[in-house]
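Chain naming here is simple, since letters A, B, ... match the order of the sequence lines and numbering starts at 1 in each.
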There are 2 protein chains.
Amino acid sequence: MTCGSYLIDRLHQRGFRMTPQRMAILHTLRRAGGHLSATEVFERTRRAQPGLTEPTVYRTLEFLAENGYALAAHIGGGKLVYELTEENHHHLICKKCGKTISVEYTVLASVYEQLQLSTGYKLDSSHVTLFGLCPDCQT
Amino acid sequence: MTCGSYLIDRLHQRGFRMTPQRMAILHTLRRAGGHLSATEVFERTRRAQPGLTEPTVYRTLEFLAENGYALAAHIGGGKLVYELTEENHHHLICKKCGKTISVEYTVLASVYEQLQLSTGYKLDSSHVTLFGLCPDCQT
DNA sequence: TTCCTTATTGCAAGTAGTTGCAATAAGTAT
DNA sequence: ATACTTATTGCAACTACTTGCAATAAGGAA
């Protein structure tokens, strides 16, 4: 069994299909463990799936993020990165050295709740990225 | 006096220069009032500055955001938008209809403080965008 | 004013990401 | 097994954005 198998039933229940391309992209994300840009996903996955094209990668990543199977996060410079859904969390990125740390979702949970009450919006538990200077770069 | 004049001294103090291109781009942002994508800024500014090129627009917007003269925000679909710095605020965007509302900076201020204490990072008061469904689209 | 330094621009060529549409193939039903 | 529906893919052309480098011009000094 390859490592995207666990998703097959969940996809079918919602009328979606599992394909070799999706399986391979899930495999790449799983192996990477962390964040990967669309380009990185394309390059790594193509090794196992030589026929794979860029539009398919972009569409698959968007599909996975839209349906909750992966998280998308904006990190510096307008770039989007993806990772498999695990614990919800947020990121702090140092503008100078690029060092990234994760922050538990609970830190923002009360704000989310407050905002939902005051605005009526139902918010995604999305992957927020905050920028600043890490302790080492503040001098 | 054109409307970027107020920035001239602040730029000179830091070794930067004011140029007709920068002036025109500031004018465009000022007139728009709200968010504008790089492409929109390019198209609108070019009417007044026919020689203007795309790389200049992208670099100018990045420059303005980097130095605190403008704010950059990621809104849906990986797009970056810019606006002139005024009050710090955040955005809530409806994934379905695109309706956007602003949220005061103070809502997130306590979280920022808490994060700065627990992580040691010095955070930018950045422009965070949260996604969700607005009251009308929740049915 | 004129000269000088160098920040900023424009050009040109590059990379990244998107879109429409016809062809393919996943999964269901027969 | 076979046929059918339609989600998904690949292709090709397009738009968005970036980068290196030489030319230009802003702003300070002589």
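- At the phosphate of C/dG10, OP1 or OP2 sits under 4.0 Å from a side-chain N or O atom of B/Q21.
- Under the 6.0 Å cut-off for aromatic ring centres, B/Y105 and B/Y112 qualify, their centroids lying closer than that.
- For the atom pair A/L64 CG and A/L7 CG, the distance stands at 7.5 Å (nearest 0.5 Å).
- The interatomic distance linking B/F63 (CZ) with C/dT9 (C1') rounds to 13 Å, in whole Å.
- Listed nucleotides: D/dA16, C/dG17, C/dG27. Nearest to the side chain of A/M18: C/dG27.
- Distance from the side chain of A/R17 is smallest for C/dA26 among the nucleotides C/dA16, D/dA26, C/dA26.
- Taking the side chain of A/F16 as heavy atoms from C-beta on, and the options D/dC11, D/dA16, D/dT8, the nearest nucleotide is D/dT8.
- OP1 and OP2 of D/dT9 both lie 4.0 Å or more from every side-chain N or O belonging to A/Q49.
- Whole-Å rounding puts the A/F42 CZ to D/dC11 P distance at 10 Å.
- Grouping the Ile, Leu, Val, Met, Phe, Trp and Tyr side chains by contacts below 4.5 angstrom, directly or via other members, places A/L130 with A/V111.
- Atom C1' of nucleotide C/dA16 and atom CZ of A/R46 are separated by 14 Å, given to the nearest angstrom.
- Checking D/dA26, D/dT8, C/dT9 against every side-chain atom of B/T56, the shortest atom distance belongs to C/dT9.
- The distance from atom OH of A/Y58 to atom P of D/dA13 is 19 Å, rounded to the nearest whole Å.
- For a distance-only test at 3.5 Å, the side chain of B/R59 fails to qualify as a donor-acceptor partner of the base of D/dT18.
- The phosphate of D/dA25 (OP1 or OP2) has no side-chain N or O of B/T19 nearer than 4.0 angstrom.
- A donor-acceptor pair under 3.5 Å links the side-chain atoms of A/T60 to the main chain of A/T56, judged by distance alone.
- Comparing B/P55 and B/L11 by the nucleotide of DNA chain C that holds the closest heavy atom to each, the one mapping nearer the 5' end is B/L11.
- Following rounding to the nearest Å, A/R22 (CZ) and D/dT9 (C1') show an atom-to-atom distance of 10 Å.
- A cation-pi arrangement is found for B/R22 relative to B/F63, the charged atom lying closer than 6.0 Å to the ring centre and inside a 45° cone about the ring normal.
- When rounded to the nearest whole Å, the span between CD of A/E62 and P of D/dT8 equals 13 Å.
- Taking atom CG of A/L80 as the reference point, atom P of C/dT18 lies 8 Å away to the nearest angstrom.
- Separating the CD atom of A/E40 from the P atom of C/dT15 is a distance of 17 Å, rounded to the nearest angstrom.
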